[in-house]
Amino acid sequence: MDGPAITHALGLNPADLEPAPPPDGGRLPPDWADRLRRGLLCIACATPASYTTVRAFPGLGYRWIDVCGPHLRIAVGRGGCD
């Protein structure tokens, strides 16, 4: 799913997301695992994030998307969140 579709599904403003370096050949930047180990919070509900990715947003460039399991399922259209 592309960045604008993810933020739309989660009801978020992409301008509020942390800027990210561009992916290298489709791969996440090397520090992606460090982001999760730092205990980042889900951008939608502030619980611990279990997934991170980088997506492009027109006019904004690349942004980090850090989400918990339930919000990951919402972002890809597979379920709900309590």
Side-chain angles (χ1 to χ4, degrees):
M1 186 176 265
D2 70 6
I6 292 171
T7 52
H8 178 75
L10 297 175
L12 300 171
N13 181 349
D16 294 335
L17 303 178
E18 182 181 344
D24 180 19
R27 299 173 131 189
L28 286 175
D31 63 342
W32 72 270
D34 291 334
R35 288 181 65 77
L36 290 177
R37 282 192 286 273
R38 286 196 321 246
L40 293 175
L41 301 178
C42 175
I43 58 175
C45 70
T47 61
S50 57
Y51 176 82
T52 190
T53 191
V54 172
R55 292 290 187 267
F57 291 87
L60 295 172
Y62 291 94
R63 301 290 172 144
W64 285 105
I65 298 176
D66 307 308
V67 291
C68 63
H71 281 107
L72 174 61
R73 288 188 292 279
I74 289 171
V76 297
R78 293 188 185 146
C81 182
D82 297 330

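Residue numbers count from 1 along this sequence.
- Here the side chains of Leu40 and Trp64 are not in contact, with every heavy-atom distance at 4.5 Å or above.
- In this structure, Cys42 and His71 approach most closely via the heavy-atom pair SG-ND1, 3.6 Å.
- The closest side-chain heavy-atom distance from Phe57 to Pro4 is below 4.5 Å.
- Qualifying salt bridge (Lys or Arg N to Asp or Glu O under 4.0 Å) partners for Asp2, counting only residues two or more places apart in sequence or in other chains: none.
- Checked against Asp66 for a side-chain contact (heavy atoms from CB on, under 4.5 Å), the options Thr53, Thr52, Leu72 give a single hit: Thr52.
- One hydrophobic cluster, built from ILVMFWY side chains closer than 4.5 Å, cannot hold both Ile74 and Leu41; they sit in different ones.
- No more than 12 heavy atoms of other residues, nucleotides or ligands lie within 6.0 Å of CG in Asp24, so this atom counts as exposed by the packing criterion.
- Nearest heavy-atom pair across Cys45 and Cys68 is SG-SG, 3.8 Å.
- Between Leu10 and Val67, some side-chain heavy-atom pair lies under the 4.5 Å cut-off.
- For the atom pair OG1 (Thr7) and CD1 (Ile43), the distance works out to 7.5 Å, reported to the nearest 0.5 Å.
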